[in-house]
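A short write-up of the structure that comes next.
The sequence lines fix the lettering, A, B, ..., with proteins before strands; numbering per chain opens at 1. Atoms considered below: every heavy atom in the structure, side chains included; atoms not considered: hydrogens, waters and symmetry mates. Here the structure is a predicted model, which is why all the values come from computation and not from measurement.
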There are 2 protein chains.
Amino acid sequence: MATEQNDGLSDSQESFSDFWTTTFQIPDLNDVDLEGIELAEIVKKCEEAVPNENVKVETPTVLDTDVNIVKKEFVKQRPVPSQIIDKKVPFLCVESFSGEHDFQVVFPHDKSPITKCIHHTYSPDLKKLFAKMGERCPLHFTCASPPPPGTVIRAVPVFRQSENMMDIVTRCINHTLQDKSSHEATSHFIRAEMPDAMVEYSNTVHGRESVTVLYQTPDSGKENTMLLYRFMCNSSCPTGINRRPVSLVLTLESDTGEVLGRSVIDIHVSSCPGRDRTGEETKAQAPHMKKQIKKRFVNKRKHEAPKEKDDDNDLYYLPVKGREKYELLKKMKIALDLEELVTPEQKQNYYAQEEENQRSIV
Amino acid sequence: MATEQNDGLSDSQESFSDFWTTTFQIPDLNDVDLEGIELAEIVKKCEEAVPNENVKVETPTVLDTDVNIVKKEFVKQRPVPSQIIDKKVPFLCVESFSGEHDFQVVFPHDKSPITKCIHHTYSPDLKKLFAKMGERCPLHFTCASPPPPGTVIRAVPVFRQSENMMDIVTRCINHTLQDKSSHEATSHFIRAEMPDAMVEYSNTVHGRESVTVLYQTPDSGKENTMLLYRFMCNSSCPTGINRRPVSLVLTLESDTGEVLGRSVIDIHVSSCPGRDRTGEETKAQAPHMKKQIKKRFVNKRKHEAPKEKDDDNDLYYLPVKGREKYELLKKMKIALDLEELVTPEQKQNYYAQEEENQRSIV
DNA sequence: CAGGCATGCCTG
DNA sequence: CAGGCATGCCTG
Ligand SMILES: [Zn+2]
Ligand SMILES: [Zn+2]
């Protein structure tokens, strides 16, 4: 009962966006509301002007009054306007399409060994990028034909699970408030680190935080455009991503905000990207096998060769003597297969009911 | 190099008290400094008046202007005055002495089994109290002779390691800011839950957060005084205790602030106090032994007896010889139960996929 | 409610 | 940098 109170002790995989609005209550700062309304009007204007969810902020001057900047200041100093943060927002389109310029995110094969805490590593099997918080992480883009001048690449993080897709991915409370750098977007989960390219932090009309980088043709001799990003929270951060799976939506956008192409990649940010990659790959290959032989990271100086056996998809033939047993086990086999189709919600209800039954036995 | 910046990504076992002062920078709230100075003067006065570090706040009226209350408001609304929080404070005396009233903290033997997530459990071997965050935790006190009227029991948490002993134990950022209850001390790590006794939250002259409860003689028939506390953070909380060992200093204090007795206990607050207690006890006994035989927690319901019902909901017991068969059939039973939850649509897809698989075998 | 995973981080 | 612990929390 003690933990039922709203005393900050609730936990688990939920959104904490609620926090941002209700935590700061400053009765003597009434101008806040005024600013909030003004913002809402700005947002409204954008919404009317651009049907696409992504809003390209035209000039740096406008950027200064962008909702994002305002939010950042509010996070550190004032209440966050509820219309910006405290809401479920519409799904962001996560459907990849390369478009007329054949826009794609590519991961050049990295020959260096996957150390446990490698800064970034991409798993082709899982189609997932594993990165270390705070470290530079390169992403490579290709275009078959050069897009028009002023085209940008926008990065927007989204939650992958349906339960969370309407929540905004943002930085956790701890990391946001502890950030004493002069960065202009301390609340953003993703930053772009391009000394030469123009970077802009802005929000979509619905309030999703994004960063755009001016598209540049590949450096001479290179066949793709490389941008450096930094992920400013772990995927596990409490009050932030909080262990929820996240994808990164990368869009090629014209200077009018038209989406020319879209590419979506799964990402996992942690302190040990190498460990987590191999762990997930192993689990994907042998879901139910007890981790007897734990994947060992090879000390760079040593060498090795062994490989794991994947018996989960192997086909076996079970000889069964007698019709009755065969029929029963056939039923069992079907039940086992069907069991995998049961949704988590169904299972939850089932186990809750089981508990009940156990209790009523006594 | 990226992580060397002050962008909120530093971690490890360090104090975060620095955060409270530098995070909030509000140039247009100059009155803050004034208030800060005023506070400093209040503190100064107390310091001059009472040589002992612990300051008994005389009246509730004074309590309202206590540094603690001010801090709490600042945490949520304004910069925290640096003179209150952002400093190393002198060691608090952690030497136990029972004094003339033979003041002691006692832990009556608890006969109930130590479940994994028991709310509180004391290890006599380790002389350490393991508690679950947010749950009521009783502490029992004894006095050989009744102390004078107005005597209180003060609880102050302190870090046990020398590197941290000068830091103030307080609640983590996440839990403090997420606490939307109307509690008067949302930033405090320790709360007292005494409906009948008088509770006061205050700070020592050096800024350590404490809670005092008016001492009451044991209820008739009881031989000790029981107080209920709640620990509002885990020992692991980032930006809070952050995995650093913590002790609880319990002092019996007269109404003039004189310390009549002191008792110090080690505490560990986590989500699984039972597991952590047995784990630490095991490690203390066999420090270097590999954990081969892991301590098993006994399911309370495991040995309970069945009951009779009727019809299709009858419960039967299937004797199974052999562990492996039992495990398999247990899985089967669950599968059969879950199978009933599968929707017709799911089944349709399943059988279609089965066909596919069959064909691909050939 | 116990088993056990996921994951930050401490150690050698 | 890999091994491995500590610990919140998910699963069955
Ligand atoms: Zn974070
Ligand atoms: Zn906490």
Within this structure, what is the CG-to-C1' distance between B/Asp276 and D/dA6, rounded to whole angstrom? 8 Å
Are B/Asp110 and B/Ser112 close enough that a side-chain donor and a side-chain acceptor fall under 3.5 Å? yes
Rounding to an integer number of Å, can you tell me how far A/Arg244 CZ sits from C/dA6 P? 18 Å
Between C1' of C/dG8 and CG of B/Asn174, the distance in whole Å: 15 Å
Apply side chain to side chain contact (heavy atoms under 4.5 Å, CB included) to residues A/Ile173 and B/Gln178 and explain how you reach the verdict. CA-CA 10 Å; A/Ile173 298 175; B/Gln178 282 181 65; 4.3 Å; yes
Interatomic distance where CD1 belongs to A/Ile241 and P belongs to D/dG8 [whole Å]: 21 Å
Rounding to a whole Å, what distance do you find between B/Phe130:CZ and D/dA6:P? 11 Å
Whether B/Arg244 engages the ring of B/Phe159 as a cation-pi pair (distance to the six-membered ring centre under 6.0 angstrom, angle to the ring normal within 45°) should be assessed. yes
Given B/Thr186, B/Asp179, B/Thr176, the one that forms side chain to side chain donor-acceptor pair (under 3.5 Å) with B/Arg171: B/Asp179
Using a heavy-atom cut-off of 4.0 Å across all strands, would you classify B/Ser236 as base, sugar-phosphate, or nothing? sugar-phosphate
Should the side chain of B/Lys116 and the base of C/dG4 be counted as holding a donor-acceptor pair, with the cut-off at 3.5 Å? yes
Under 4.0 Å from OP1 or OP2 of C/dG8: is there any side-chain N or O of A/Asn234 that close? yes
Does the side chain of B/His268 get closer than 4.0 angstrom to OP1 or OP2 of D/dT7 through an N or O atom? yes
Between B/Arg243 and C/dC10, does any side-chain N or O lie under 4.0 Å from OP1 or OP2? yes
Among C/dA2, C/dG8, D/dC9, the one nearest B/Arg275 by side-chain distance: D/dC9
Measure the distance from NZ on A/Lys128 to P on C/dA6 and round it to the nearest whole Å. 11 Å
Could you check A/Glu209 against A/Ser187 for side-chain hydrogen bond (donor to acceptor under 3.5 Å, both in side chains), going step by step and ending with a plain yes or no? CA-CA 9 Å; A/Glu209 298 173 341; A/Ser187 76; 3.0 Å; yes
Report the distance from atom NZ of A/Lys132 to atom P of C/dC9, rounded to the nearest whole Å. 9 Å
So, OP1 or OP2 of D/dC5: does either fall under 4.0 Å of a side-chain N or O from B/Lys283? no
Any base atoms under 4.0 Å from B/Ser270, or only sugar-phosphate, or nothing? Heavy atoms, all strands. sugar-phosphate
Could you tell me the separation between the CD atom of A/Glu135 and the C1' atom of C/dG8, rounded to a whole number of Å? 15 Å
